[in-house]
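Here's the structure we're looking at; comments come further down.
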Number of protein chains: 2
Amino acid sequence: MRITLKDIAKALNLSASTVSKALSDSYEISAETKKTVKEYAAKHNFRPNKVAQNLKTGKTNTVGVVLCNISNNFVAQLLDGIQTASEAANYDIIIMQSRNQEMLEKQAIEVLRMRGIDGLLLTPMASDSSERELRELQDDGIPVVLVDRTFHSLETHKVGANNFDGAYQATIHLAERGKKRIMHITGRGLGVSKERFKGFLAGLEDSKLKFIPELNLEIDYAGQPIEELIKENLVPILKSEARPDAIFCATDEITSRTLGVLADLEIAVPTDIAVIGFSNTPNANALNPALSAVVQPARKMGELGFQKLTEMINSKNKEVTFETIALDTELVIRKSSL
Amino acid sequence: MRITLKDIAKALNLSASTVSKALSDSYEISAETKKTVKEYAAKHNFRPNKVAQNLKTGKTNTVGVVLCNISNNFVAQLLDGIQTASEAANYDIIIMQSRNQEMLEKQAIEVLRMRGIDGLLLTPMASDSSERELRELQDDGIPVVLVDRTFHSLETHKVGANNFDGAYQATIHLAERGKKRIMHITGRGLGVSKERFKGFLAGLEDSKLKFIPELNLEIDYAGQPIEELIKENLVPILKSEARPDAIFCATDEITSRTLGVLADLEIAVPTDIAVIGFSNTPNANALNPALSAVVQPARKMGELGFQKLTEMINSKNKEVTFETIALDTELVIRKSSL
DNA sequence: TTGTAGGCGTTATCAT
DNA sequence: ATGATAACGCCTACAA
């Protein structure tokens with residue numbers, strides 16, 4: 001069984017407090033005692049009970065991370081950045097998924113709160129999701145930083161990508177390649193996609209292209225089989241007069257799926273239709289064809305978000321002015337848009 | 001600030017213990033008192049402090065999950081299964097990544113142990129990684145279940161895939177398609193790949209094909225840029241007499257990367273070389289070309305692993321005979337191997 | 001330099 | 001039906 005402070009104290013004929021102090025290298029304790037205690041502790045593989053420590057000190061040295069969906073490449077990379085930063089700062093992180101369900105998001109926040117964390121990193125589902133829970137957390141003195149979804153209404157630091165500009169650049173690129181009829185596919189109700197749509201429109205405008213309503217497709221993510229949905233919606237458009245010569249996909253998931261659909265339909269990309277989209281897939285060049293993509297600086301976003309959070313944790317009760325940071329995306333041109 | 005049991009007690013002129021009992025619906029408490037207490041608690045948004053609860057009861061209702069690398073499709077799906085099962089069982093899970101570093105694996109286990117968990121789910125890095133830490137956990141009465149990497153030496157329940165058979169089937173498939181010179185690419189030191197290699201050899205043998213040593217490539221995962229490594233090693237082989245007419249890739253990562261490399265080299269798949277491999281990518285049909293794959297039942301594996309774990313948690317001190325379960329893989333034929 | 005006592009928030013036991 | 005008390009493992013004044 002696990003050994004406790006008391007056990008050590010008893011074994012060495014010391015008091016628990018002496019042992020505690022010895023282990024934390026208190027100046028009050030003699031070198032000799034420290035040595036004895038530490039040796040004994042090491043030998044018996046003593047580990048302080050964090051639960052008890054937490055209860056006493058109120059500090060957990062742990063940051064909670066609630067992500068919408070770890071399977072997503074972008075999110076996985078974001079997490080990677082968070083983890084890198086947390087290791088450097090010597091914090092533990094507890095990861096939870098909301099799986100794009102607001103109930104689970106709320107629940108995850110609650111669990112973390114009850115369990116004890118020093119701060120929370122969150123990619124909120126919607127612009128006002130879990131607001132109450134988040135405010136309560138803040139009222140308890142636990143800072144929150146929002147990542148990716150910077151459109152959320154909570155007042156705090158937010159770190160995301162420059163979605164407008166990413167979409168703008170991709171659109172300009174297509175226009176420069178001579179595309180005239182550019183389709184836009186996005187997910188319904190995703191906050192980030194709003195900015196991307198604006199960027200798309202601005203790109204069209206600056207390229208003297210008109211926005212074609214028939215070529216604007218909004219997929220409802222909630223209805224499970226995305227690929228089916230895309231296919232159902234896309235086929236009639238491709239057969240119609242409105243047939244596009246390029247597609248801009250606003251999200252990671254949609255980009256890959258659209259490519260899959262086009263491959264299924266044996267539509268040649270980019271010959272028949274050029275494709276570009278937001279995507280952080282690490283396999284862009286194994287896709288059919290190699291994918292031109294707007295890449296988000298996911299790792300950096302994670303690191304920066306974490307950094308902002310620890311800043312807040314370590315500067316309690318100071319007044320801070322909150323920032324919203326939009327990191328630049330990168331346009332990586334491969335074959336699919338040429 | 002957060003409200004505590006005591007606060008409620010004070011406010012209602014009750015004792016803390018009465019409040020505690022009322023909230024847990026103890027039969028000792030009158031309906032009326034229960035009602036008052038619960039209403040007050042709800043109104044003031046009381047949440048029991050789990051840390052204190054844990055300290056007292058020793059139970060955490062939490063399971064630790066240590067995964068090697070969440071970015072991997074297979075692992076992400078595994079996690080999905082674990083999470084589904086944990087939600088059903090009303091357990092919280094704490095996810096940590098070992099990122100394929102044994103030190104981080106040990107550390108993650110330690111953190112979880114100190115923090116308090118009722119059980120651990122682990123995809124161990126190597127066949128004897130973190131053995132001491134795991135045994136200690138078991139000695140503390142905290143059960144451990146190993147997932148995916150069933151070759152680990154710890155005595156406990158293990159849930160993985162039938163790697164031998166998956167590889168065997170893929171190899172047989174290639175042979176049936178008339179392939180004679182089948183290459184094998186795998187990762188160095190990955191435990192699961194050993195079984196897969198055996199299956200590959202058995203498949204060759206049963207197809208009356210000989211194993212060609214020049215067509216056996218072992219990639220060292222640790223050295224970062226996998227794609228570069230594959231390319232470096234593959235190019236000379238493709239130019240040589242030994243040129244294969246098919247490739248069997250033993251891991252998810254290698255499969256995607258190999259496809260990317262072949263695309264870069266403008267080698268036509270499957271015309272020039274057929275490809276099949278272990279892969280759980282959700283974008284198999286967006287790849288170039290649509291990928292034939294050995295798919296692992298990742299979600300099921302996660303669910304089953306979690307289930308085994310809760311079984312152990314709830315049947316403490318009973319003697320159990322440990323099983324090692326090998327779930328069947330699925331061979332999904334698409335274009336790349338035809 | 002070391003020890004004692006009290007408390008973090010909860011629950012369990014034993015009174016009342 | 002309710003309350004007082006102790007305890008979980010640790011930390012920290014304060015006392016010795």
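Residue numbers begin at 1 in each chain, while the letters A, B, ... track the order of the sequences.
Under 4.0 angstrom from either OP1 or OP2 of C:dG9 there lies no side-chain N or O belonging to B:Q53. Look at B:K6 and you'll find a side-chain N or O under 4.0 angstrom from OP1 or OP2 of C:dC8.
B:L55 comes within 4.0 angstrom of a nucleotide base, judged by non-hydrogen atoms across all strands. Using a 4.0 Å heavy-atom criterion, one finds that B:D7 contacts no nucleic acid atom at all.
Put simply, CG on B:L5 is 13 Å from P on C:dC8, counting in whole angstrom units. Distance, B:N61 CG to C:dT10 P: 17 Å, rounded to whole Å. Taking atom CG of residue A:N13 and atom C1' of nucleotide C:dT1, one finds them 16 Å apart after rounding to whole Å. We find that CG of B:N49 is positioned 13 Å from C1' of D:dC8, with the value rounded to whole Å. If you take CD1 of A:I8 and P of D:dC10, they are 8 Å apart, rounded to a whole angstrom. In this entry the distance linking CZ of B:R47 with P of C:dT10 reads 12 Å, nearest Å. Look at CG on B:D140: it is 12 Å from P on D:dG9, rounded to the nearest Å.
Between the side chain of B:K56 and the base of C:dT11 there is at least one donor-acceptor pair of N/O atoms closer than 3.5 Å.
With respect to B:D25 and B:K38, a salt bridge is recorded, a charged nitrogen being found less than 4.0 Å from a carboxylate O. For A:R299 and A:E303, the salt-bridge test fails: no basic side-chain N is under 4.0 Å from an acidic carboxylate O. Looking at B:E110 and B:R113, a side-chain N of the basic residue comes within less than 4.0 Å of a carboxylate O on the acidic one, giving a salt bridge. Using a 4.0 Å cut-off between charged nitrogen and carboxylate oxygen, B:E136 and A:R47 do not count as a salt-bridge pair.
Residues from residues 14-34 of chain A that place a heavy atom under 4.0 Å from any atom of DNA chain C, listed by number: A:L14, A:S15, A:S17, A:T18, A:K21, A:Y27, A:E28, A:I29, A:S30, A:T33.
Judged purely by distance below 3.5 Å, without hydrogens or angles, the side chains of A:R115 and B:T62 pair a donor atom with an acceptor atom. Checking B:D118 against B:T60 by side-chain atom types alone, a donor-acceptor pair falls below 3.5 Å.
For residues 121-159 of chain B, every residue pair satisfying the ring pair (Phe, Tyr, Trp, His ring centres under 6.0 Å) rule, not counting sequence neighbours, is listed here: B:H157-B:F322.
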